Structures are given as structure tokens and as C-alpha cells.
Enquirer: 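Before anything else, here's the structure in question.
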Amino acid sequence: MKKTKLYGLSLCLGVVLTMATLMVPVRVDTQEQLTHVALGYPTPFITQNMMRYTPLPDDFPIYVAFDSPLSSNFSIHVPFFLLNVLITGICIAALAKLGSSILRTDRRPIQLHSK
């Protein structure tokens with residue numbers, strides 16, 4: 001039961017953190033790249049059309065993050081989203097296991113053998 005809770009919580013946090021990666025700005029170098037901006041980490045899972053921004057050629061490179069879905073078209077790549085959630089969830093579970101083994105309080109005290 002304890003493992004199920006750990007893995008379930010890890011996956012829930014994985015979803016939240018994966019969605020939070022959409023707020024990380026990505027670099028766009030050309031006007032053409034604005035038509036398909038790839039967002040999300042560790043693998044991009046959303047592409048968004050940012051052509052409503054019309055920067056001058058001298059303004060590049062620019063950094064953009066996820067924009068409102070109502071103002072810019074976007075597409076979600078579900079397999080990559082699920083892969084990101086899985087990778088993030090596994091990392092969270094591994095860190096939780098490592099943290100619990102380091103902070104465990106039920107260890108036996110060290111006994112020194114003296115003659």
C-alpha cells in the first residue's frame with residue numbers, strides 16, 4: 001500500500017511539474033520558427049503557433065513561453081506528454097526513495113567492539 005501511494009503521488013506530481021515546464025521560455029531565432037514553437041521538457045510535447053507576435057528581424061532571438069490557448073493555435077502530442085509525466089514521476093519516486101533511505105530513523109546504532 002505504501003508503494004502504491006508513493007507511485008501515485010509521484011505520477012500526480014509528475015503531471016503538475018510537466019505542465020509547469022510550459023512556462024519555461026524557449027528561444028526562437030527566426031520568424032519561421034514562430035509558426036511551430038516546441039514547448040515542454042524533457043521532450044517537447046506542445047507546439048504552438050506564435051505568429052501573432054511580429055517582432056522585427058533585429059529583435060531575434062526572442063524567448064517565448066506557452067501562450068493563451070484562446071489566442072494562439074496549439075497541438076498536444078499525447079505520447080510525448082505521457083513520456084514526460086513518466087520520466088518526471090520516476091525521478092520524483094527515486095528521489096523520495098533516496099531521501100527516505102538517508103533520513104530513515106529506524107537504523108540500528110553503531111556498536112564499537114572494544115577489547
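Counting from 1, the numbers follow the sequence of the chain as shown. This is a predicted model, so every value here is computed, not measured.
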Enquirer: Is it true that Val15 and Leu82 fall in one hydrophobic cluster, defined by side-chain heavy atoms closer than 4.5 Å?
Expert: yes

Enquirer: Can you check side chain to side chain contact (heavy atoms under 4.5 Å, CB included) on Leu22 and Phe45, steps first, answer last?
Expert: CA-CA 9 Å; Leu22 293 176; Phe45 60 92; 3.7 Å; yes

Enquirer: Can you confirm whether more than 12 heavy atoms, excluding those of Phe81, are under 6.0 Å from its CZ atom?
Expert: yes

Enquirer: Distance from Asn73 atom CG to Thr47 atom OG1, nearest 0.5 Å?
Expert: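 Answer for the CG-OG1 pair, Asn73 versus Thr47, is 10.0 Å.
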
Enquirer: Would you mind reporting whether Asp67 and Arg52 have side-chain heavy atoms less than 4.5 Å apart?
Expert: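 Yes, side chains in contact.
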
Enquirer: Atom OG in Ser71, atom CG in Asn49: separation rounded to 0.5 Å?
Expert: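 Rounded to the nearest 0.5 Å, the OG-CG separation comes out at 10.5 Å.
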
Enquirer: Which heavy atom of Val26 sits nearest a heavy atom of Tyr41, and at what distance?
Expert: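 In terms of heavy atoms, the two residues are closest at CG1-OH, 3.8 Å.
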
Enquirer: Tell me if a side-chain donor or acceptor on Ser72 pairs with a main-chain N or O of Pro69 at a distance below 3.5 Å.
Expert: no

Enquirer: Can Val64 and Arg27 be said to form a side chain to side chain contact (heavy atoms under 4.5 Å, CB included), step by step?
Expert: CA-CA 7 Å; Val64 295; Arg27 181 180 168 145; over 6 Å; no

Enquirer: Kindly say whether His36 contributes a backbone atom to a donor-acceptor pair with the side chain of Gln48 at under 3.5 angstrom?
Expert: no

Enquirer: For Thr88 and Gly14, indicate whether the former's side chain and the latter's backbone hold a donor-acceptor pair under 3.5 Å.
Expert: no

Enquirer: Spell out, as yes or no, whether a donor-acceptor pair under 3.5 Å connects the side chain of Asn84 to the backbone of Thr43.
Expert: yes

Enquirer: Can you name the closest pair of heavy atoms from His77 and Ile46 and give their distance?
Expert: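 Scanning both residues, the minimum pair turns out to be CD2-N, 4.3 Å.
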
Enquirer: Which heavy atom in Phe66 sits nearest to a heavy atom in Leu39, and how many Å separate them?
Expert: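 Nearest heavy atoms, Phe66 then Leu39: CA-CD1, 3.7 Å.
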
Enquirer: Please report the shortest heavy-atom distance between Ile62 and Pro55, naming the atom on each side.
Expert: CD1-CG, 3.9 Å

